[in-house]
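Below: the structure, in structure tokens.
Just so it is clear, the model here is predicted, and its values are computed rather than measured. Below, read A as the first sequence line, B as the second, and so on, with proteins coming before strands; counting in each chain starts at 1.
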2 protein chains.
Amino acid sequence: MPRTTQTDVAVLAVLSTGPLSGYAVREIIRDDLGLFWSESFGQIYPSLARLQKEGLVETVPGERRGSSLFRLTGAGRERIVELLREPVTTVPPRNGLLLRLAFGNLLGARACAELVSEARTKATAQLEELERIRRQVEAEPDEPQRAYALMTISAGEHAARAAVAWADETLAALESL
Amino acid sequence: MPRTTQTDVAVLAVLSTGPLSGYAVREIIRDDLGLFWSESFGQIYPSLARLQKEGLVETVPGERRGSSLFRLTGAGRERIVELLREPVTTVPPRNGLLLRLAFGNLLGARACAELVSEARTKATAQLEELERIRRQVEAEPDEPQRAYALMTISAGEHAARAAVAWADETLAALESL
DNA sequence: CGACCCATGTAATACGTTACATGATTTC
DNA sequence: GAAATCATGTAACGTATTACATGGGTCG
């Protein structure tokens, strides 16, 4: 696990697009960043409280009576750039499929083939989903944002296509065992 | 995070190849499974103690005076197959590079290109490393084990090649921004 | 005989999810 | 006015890393 929580980075980054409720922050993370990022409520709310105490976000009255939105302060706007500049921390790998395959002799070729086949199905489904999202994003106006969104989509597409190719190759290998 | 610790699965699986010290278990996980799995000492030793209490592993005297090795019991041998049969749990995604790219307008095209370039370098290095390991494994006798090891290596190769292709495409896109 | 590796373990701390508790607002 | 959604937060629990503490064996 990373030394410093990345939650603050994600929350600040999302808030850089405009004032939002904690609930809305979570929705954006889930719906727009969900393919490569995730946060739970249990992380987001404490993070917002922390960031407010540090003066990086402030609350402004929302549309709903009594509701308030979180907005980046000037300090917050500086901080998020600082944070994004910090080196990318990677989580230690934990690939359950490859662990099972590495000990495939315990599981048997048949069961392994099922697992790989499942992975292939998931990858093709993801590929379709990504193509759908791509069309949607490409329909948006050509703001600088769009180009960056397309890069993250493309990363998913490359990974998914690689997964499918690997699965096909691996299924063939398992067949001839 | 997964509901039940996957550490026990990995430890039992490694011990299925023969009796080992806790230290040796960690070495195998790091050196042989490191490309897709990781465990720290702080997980391995408590796991071994737990597994021993459950009667899934037992200790046998090792070669060194006073040292003892952990060995799977019959129950342990059954259990590991059960555990491997359980559905693969996936960790929620946390891709720091894609998070930065998604908010690339905050970071700027130049800094983004540096990050992507770094990722490309890492991927090519990994590709070379994997080819080295592949040659090494291919030199081993053709036991059933070998075929499974090659599948995990191939997964890494596909992923690394995809990463390189994506990086090239993305660098070009950033150039024309 | 000093450095390094083998070996075991614990404590402090951090990270993260899930479930629970609560209530307002909107929509049908 | 019932159901769904918006909204906020906490508590319990589980998972995992890192640093620390300790000592035996090996090799130069």
>> Just to be sure I understand the geometry, which residues of residues 42-57 of chain A put a non-hydrogen atom under 4.0 Å away from DNA chain C?
In response: A:Gly42, A:Gln43
>> Within residues 19-26 of chain B, which residues have any heavy atom lying less than 4.0 Å from an atom of DNA chain C?
In response: B:Ser21, B:Gly22, B:Tyr23
With side chains defined as the heavy atoms from C-beta onward, is the minimum distance between [X] and [Y] less than 4.5 Å?
X: A:Ile80; Y: A:Asp8; value: no
X: B:Glu82; Y: B:Arg79; value: yes
X: A:Gln145; Y: A:Glu140; value: no

> Given D:dT15, D:dT8, C:dT8, which nucleotide is nearest the side-chain atoms of B:Phe70?
Replying inline: C:dT8
> Nearest to the side chain of B:Ser40, which nucleotide is it out of C:dT17, D:dA16, D:dT17?
Replying inline: D:dT17
> Honestly curious: do B:Leu69 and B:Leu48 fall in one hydrophobic cluster under the side-chain, below-4.5 Å linking rule?
Replying inline: no
>> With a cut-off of less than 4.0 Å, is there a side-chain N or O of B:Thr5 near OP1 or OP2 of D:dA16?
In response: yes
> Can a side chain N or O of A:Arg94 be found less than 4.0 Å away from OP1 or OP2 on D:dA16?
Replying inline: yes
What is the distance, to the nearest angstrom, from the [atom1] atom on [X] to the [atom2] atom on [N]?
X: B:Gln6; N: C:dG16; atom1: CD; atom2: C1'; answer: 16 Å
X: A:Ile28; N: D:dA7; atom1: CD1; atom2: P; answer: 11 Å
X: A:Glu39; N: C:dT17; atom1: CD; atom2: C1'; answer: 11 Å
X: B:Phe41; N: D:dA21; atom1: CZ; atom2: P; answer: 17 Å
X: A:Arg30; N: C:dT18; atom1: CZ; atom2: P; answer: 13 Å

> In chain order, what residues pass the side chain to side chain donor-acceptor pair (under 3.5 Å) check against B:Arg120, with sequence neighbours excluded?
Replying inline: B:Asp168
> Could you go step by step and tell me if B:Val88 and A:Leu99 meet the side-chain contact (heavy atoms from CB on, under 4.5 Å) rule?
Replying inline: CA-CA 10 Å; B:Val88 174; A:Leu99 181 69; over 6 Å; no
> Which distance, rounded to the nearest 0.5 Å, do you find between the CG of B:Leu98 and the CG of B:Leu115?
Replying inline: 10.5 Å
> Between A:Glu58 and A:Thr73, do the side chains contain an N or O donor and an N or O acceptor separated by less than 3.5 Å?
Replying inline: no
> Of all heavy-atom pairs between A:Ala102 and B:Phe36, which one has the smallest distance, and what is that distance?
Replying inline: CB-CZ, 3.8 Å
